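Bear in mind the structure is a predicted one, so any value in this text is a computation, not a measurement. Residue numbers start at 1 and run along the sequence shown. As the structure lists them, so they are numbered: ligands from 1, and atoms in each ligand from 1.
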Amino acid sequence: MISLLLCVASIHNDRMQTAIPTSFMRGGTSRGPFFLETDLPADVAVRDRVLLAVMGSPDKRQIDGLGGAHPLTSKVGIVRRSTTAGVDVDFLFAQLQPEQDTVDTTPNCGNMLAAVVPFALERGLIEASGDETTVRVLTLNTGMQCDITVQTPMTPQGREVRYDGEARIDGVPGASAPITINFLDTAGSVCAGLLPTGQVCDKVHIEPLAGQEEFEPFDIAVTCIDNGMPMVLFRAADMGCTGYETPAQLNANIALKARIEALRLHTGKLMGLGDVSKLNYPKMTLIAAPQAGGSVSTRCFIPHVCHEAVGVLGAVTIGTACVLDGSITQGIAVVPEGLRKTLSIEHPSGEFSVELGLDPSDTQKVTRAALLRTARLIMRGEVMIPSTIWTNL
Ligand code: NQM
């Protein structure tokens, strides 16, 4: 009888599953669970299996996990106190996909980055220093550093992260407290340099891939660039598009997607990235003239689905291309004068303003990038995974 009761108890307690503390956060126009590094397995292969189980990948609907059935909601943040001099917090971003079993920690994500400091404050990794708290964050994915400022007003419980406010970013309903990100060094994040092919514009010839959708071979001019995100920019008109289509229209265009994927695989090699068939970059971006008073209009494939807005470092990289003489944006983009420029990157759900600082002695060199994001803690608690994957006892 006692053994039967024990058996029933063990079925009903949590040990059939492993509970992992997590904070579910929106960062900019992305969303996902954030973890303290110490709450996850140290072994990378086991950690990746845990993250796949957390998100419910691979599965189109991610029905058995926290993922939102889209790349922008298949993201994970892992945070720790930094041991690097001058840095407060280290951040590792992991990109998962609904339908793949991949956990990619090579590229950055500037949207998830916006939630790192609120998370670190919430979890006591760092302390608020005043009504505003500025924290230096090192992104372990690419070694990039940035300063992030969040609002931390005094409350009866002490200083707390403020989430409500008046700042609006396109792609997120309503208004929130502002979070500013100042990037210190972004050029050549994953690639060997800002212009990984050595040219500001390349003309490439693309043939259909064996066993894939057929199309007529084509020649196209591209700018391959990495100022925080490896990207391939090309004129929408050169792909037979206006560049003002909705993401749904572009996602439904199988023939276009086949041409873009063939271009991606070809330019990935030119950019020194090797075979990118299983990688989430380079991101493929259709460029057109601005439609709403901004600097340039974009439709960004990340890389197989069209973004509903545009990535943060994607926007920094596109803005950077706009200031380079000879890039494919020339004659299309409207670029303001001066060494400090605000470029408004138009995207399907609005625009994204990026402030770029140019080197006075070389106006072709972008030395800093600053931008506004918002973030919010949506839920905190424990995410459950089968203990057959990992047990943290
Ligand atoms: O470019 C989407 C996003 C991103 C990445 C993507 C990002 C960035 O919107 O820094 O933010 O390009 O996969 O979260």
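Ion pairing between a basic and an acidic side chain is recognised when a charged N comes within 4.0 Å of a carboxylate O; Arg159 and Asp131 show such pairing. The pair Arg168-Asp170 fails the salt-bridge criterion, with no side-chain N (NZ, NE, NH1 or NH2) lying under 4.0 Å from an Asp/Glu carboxylate O.
Pairs passing the salt bridge (Lys or Arg N to Asp or Glu O under 4.0 Å) check and including a residue from residues 326-350, sequence neighbours excluded, read Arg340-Glu355. Residue pairs meeting the salt bridge (Lys or Arg N to Asp or Glu O under 4.0 Å) criterion with at least one partner in residues 89-108, sequence neighbours excluded, are Arg80-Asp90.
Rounding to the nearest 0.5 Å places OH of Tyr281 at 6.0 Å from CG of Leu273.
In the hydrophobic clustering, where aliphatic and aromatic side chains (Ile, Leu, Val, Met, Phe, Trp, Tyr) are joined below 4.5 Å either directly or transitively, Ile302 groups with Leu72.
At a 4.0 Å heavy-atom cut-off, the residues surrounding ligand 1 are Ser30, Leu72, Lys75, Cys109, Gly110, Asn111, Met229, Lys283, Ile302, His307, Gly311, Val312, Leu313, Gly314, listed by chain and number.
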